[in-house]
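Protein chains get the first letters and strands the later ones, always in sequence-line order, with residue 1 at the start of each.
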Amino acid sequence: MASSKLQNNPYLSHLPPHQKGASRSNPSAKDPLYGFIPRRVKGNQARKVMERDLNPFTKQPYSGRYKALLNSRKELPVFGRMDEFFKIFNENQIMIVVGETGAGKSTQIPQFVAFSDLPHTRRKMVACVQPRRLAAMSLATRVADEMDVHLGEHVGYSIRFEEMIDPDTTFLKYMTGGMLLREAQNDPTLERYSTIILDEVHERSLDTDILMGILKGIAKKRKDLKIIVMSATMNVTKFRKYFNLRSDEQVSLLKVPGRTHPVEVFYTQEPEPDYLEAAIRTTMMIHRSEAPGDILLFLTGEQEIEDACRKIKLEVKDAIKQHPGSVGPIVCIPLYSSLSPQKQQSIFDSPPVAIKGGPSGRKVVVATNIAETSITIDGIVYVVDPGVSKQKVYNPQIRVESLVVSSISKASAQQRAGRAGRLRPGKCFRLYTEREFHREMEEYDHPEILRSNLSTTVLTLLKIGIKDLVTFDFVDPPAPELLLRALKLLNYLAAVDDDGNLTPLGAMMAEFPVEPQLAKLLIVSPKFRCSNEILTITAMMSGRLTSNDSATTSLLISSAPNIWICPPGARQRQGADAAKKHLAVHDGDHLTLLEVYNQYYLNLHDKNWAWNNYLSAQSLKEAEMIRKQLKGVMERFYIELNSLSDEKKLFTNVRQALVCGFLMQIAHKEKDGNYLTLKDNQVVALHPSCDLITQPEWVVYNEFVLSSRPYIRTVSEVKAEWLIEFGGKYFDLVSFPDGETKSALQRAWNKRMGTTESASDRTSKPSKRKDKGPSGGIQKKKANRRR
DNA sequence: GAGCACTGC
């Protein structure tokens, strides 16, 4: 019986012949995995091999370091659950692993899978998907070490700009979700993987949410693909229900206890009117009266953090001056994403030493949400949590998203508190009342997919072959209107035909790792003989330099870190302004981006060039890498890279190409001096950072920013004729409401037709467009009043 | 004459 069962095991055909049956000479001496049958391996078998002297994957003796690492691995809670894991993994196609930080799931589970799946014997790979690059890199490095193999040979990682794998030998690959999505575009069933592990799904990042939907679909078609979903302890019921492929069985769950210490939570008695003041006061209170241990204070943004650091330092200085020896010395370290990696490193510095027998020194890290998930600081014993963070908020009245300081969720508060218990028992001071926590804070953050512009997502799903997006099985389905809005944009860009099918152009656009508008821009650019320049501008717009989510809908945009570094202080500011003036091109901000990059590239030899010109070296380096990557995709599709030698003509052509990519981001200057966006009639002004010396009648813009008032930023002049020539049906007058903009377009049409006939007379239907929106008129009145 | 939570390809 047993042997016939073995012969029917589909995986055995992949094995070398000697593994199919018993042998009299003892082959296990040479192959520690002798007798292992894929997906039937038990915990005790794996443990035995781990204890031996011969590495089963390299067939080399283990190094001395291996055993030491193995001993520390044995302390991890996950390690003790190995038998249970193997049992569930072997018997199920999909399983869920739940465990708090410190349980060891991200490092150990993939290794267990490698032992049961034996991907290296069947030319398959195990993937472990992370939400962030840094996590993928550092986990791969750690696990390669634990398995005593070379990083990039048997265990590797795959992130944007860096593929640390050997396609012939790597069988365990850590990667970002974005990379797996990109692979799925050309391999919709992800054939090369035997098991895919999705880590940190509780974070509900856009990529993991989409991957969950895709993988659930693949699992129905590919019964040999195993899926492991890993999450911190929250909301697991939702995932268990979601991954039930058959209604009669529950998805199996492995629960692993965490290895964190208890954290005592304190609330304020009354709500705090000023959280910043309360945060500083609480930090000082801890410093004065609590036992040694570092403090982590959560605030919302760069300015607030720098401000708080200054104030805390000052208070400690005053306290020491007034009563020497009353408090110990303090270092206050700011932490947010736009800091250079070197500056971010200083959070790992030791706290300052006590002054001759005085109270001990303390380190205070003042951080954004980056310290909630992305960066872990050891040694934190006290957490100060004001209960707020900056979040993208959708304002349906004016159809714009902006960043607003808002209340965090309970899950987020729990995560923050947990940061105090990594070293030893800790304390968390919440600057809100217990009542507020229970009654007013949301259970979880809204998943990113419900708050995002979906044009890129929809294009990706179409490329993977998912046609019916409205019925696609999302964990949390986005509103159908958002999907339709994304489809409409893709239709305008000709990526999708009128029936919602992906066009060949759309398939090509999906290959570019940029937003659809930018992909379109790159593809059309050779026609305008300026693809080298558009390539540079696209790279500059696609990085963190300027945000370009504005997309579809013009419903977006918040803020973005600027390419220009603006240091505090009046004299510094003058220097920055002068530097900018020096590089600015008055034909348009897009051309300024081109000029900045070209000058950067010419001065690569000068390490101080960026700094001397008040530019972010980090951002420029990123643009350089993006440019290289995009150039590679263009070459792959034989998209010509060309330029015109006549600069004036070149600049004109660049702006014409921009119209093709950003049809929906055009604005017209009205008689009152304000600009009106064509898409949805928002009254806007040119942002003060804009370098245009005149106020042209027509402009193309990259961002819609809502700050003290609605602004458009990164703006270039365009001509009405271009809109008609390159905009096609998008600028069909029938769809425009009556007004100055329509009349101006009408004049351009007439000029083109060489007639005075009204363009809209040529069509039978009267104008039906009424989607001016309730806010259009209101906005306009406000703007008029201001004038 | 203004202002930047966090990720990812």
Side chain of A:R132 - closest among B:dG8, B:dC4, B:dC9: B:dG8
It should be established whether A:T176 places a side-chain nitrogen or oxygen under 4.0 Å from OP1 or OP2 of nucleotide B:dC9. yes
Return the nearest nucleotide to the side chain of A:R133; candidates are B:dT7, B:dG8, B:dC4. B:dG8
Quick check for you: among B:dC9, B:dC6, B:dA2, whose closest atom lies nearest to any side-chain atom of A:H687? B:dA2
In terms of the nearest nucleotide of DNA chain B, which residue is placed more toward the 5' end: A:G301 or A:R160? A:G301
Which nucleotide, B:dG8, B:dT7, B:dG3, lies nearest any side-chain atom of A:D207? B:dG8
In whole Å, I'd like the distance from the NZ atom of A:K581 to the P atom of B:dG1. 13 Å
Is the distance from OP1 or OP2 of B:dA2 to the nearest side-chain N or O of A:Y711 less than 4.0 Å? yes
Please list, chain by chain and in numerical order, all residues satisfying side chain to side chain donor-acceptor pair (under 3.5 Å) with A:Y275, sequence neighbours excluded. A:E304
Sugar-phosphate, base or nothing in reach of A:S205, heavy atoms under 4.0 Å: nothing
Tell me: CD of A:Q415 to P of B:dC6, nearest whole Å? 16 Å
For A:Q629 and B:dG8, what is the distance between atoms CD and P respectively, to the nearest whole Å? 13 Å
In whole Å, what is the span from the CZ atom of A:R182 to the C1' atom of B:dG8? 10 Å
I want to verify a distance call: between B:dG8, B:dA5, B:dT7, whose nearest atom is closest to the A:I370 side chain? B:dT7
Take the protein atom CG of A:L335 and the nucleotide atom C1' of B:dA5, then report the distance between them rounded to whole Å. 12 Å
Would you please name every residue forming a side chain to side chain donor-acceptor pair (under 3.5 Å) with A:S716, sequence neighbours left out? A:H590
Starting at CG of A:L692 and ending at P of B:dA2, how long is that distance when rounded to a whole Å? 17 Å
Quick one: do A:D476 and A:R204 make a salt bridge, cutoff under 4.0 Å? yes
What is the nucleic acid contact for A:V514, judged by heavy atoms within less than 4.0 Å: base, sugar-phosphate only, or nothing? base
Taking A:P334 as the fixed residue, which of A:T368, A:I347, A:I305, A:V365 is the one that meets the side chain to side chain contact (heavy atoms under 4.5 Å, CB included) rule? A:I305
Given B:dG1, B:dC9, B:dC6, which nucleotide is nearest the side-chain atoms of A:S374? B:dC6
Taking CD from A:Q391 and P from B:dT7, how many angstroms apart are they, rounded to a whole number? 15 Å
Separation of B:dC6 P from A:D209 CG (nearest whole Å): 21 Å
Report which part of the nucleic acid A:S389 touches: base, sugar-phosphate, or nothing (heavy-atom distance under 4.0 Å, all strands). nothing
Would you indicate what A:F512 reaches in the nucleic acid, counting non-hydrogen atoms under 4.0 angstrom: base, sugar-phosphate, or nothing? nothing
Would you tell me whether A:S389 and A:Q391 have side-chain atoms, one donor and one acceptor, within less than 3.5 Å of each other? yes
Name the nucleic acid region contacted by A:G177, choosing base, sugar-phosphate or nothing; use a 4.0 angstrom heavy-atom cut-off, strictly under. nothing
Quick check for you: among B:dA5, B:dG8, B:dG3, whose closest atom lies nearest to any side-chain atom of A:K390? B:dA5
Are there more than 12 heavy atoms of other residues, nucleotides or ligands under 6.0 Å from atom NZ of A:K631? no
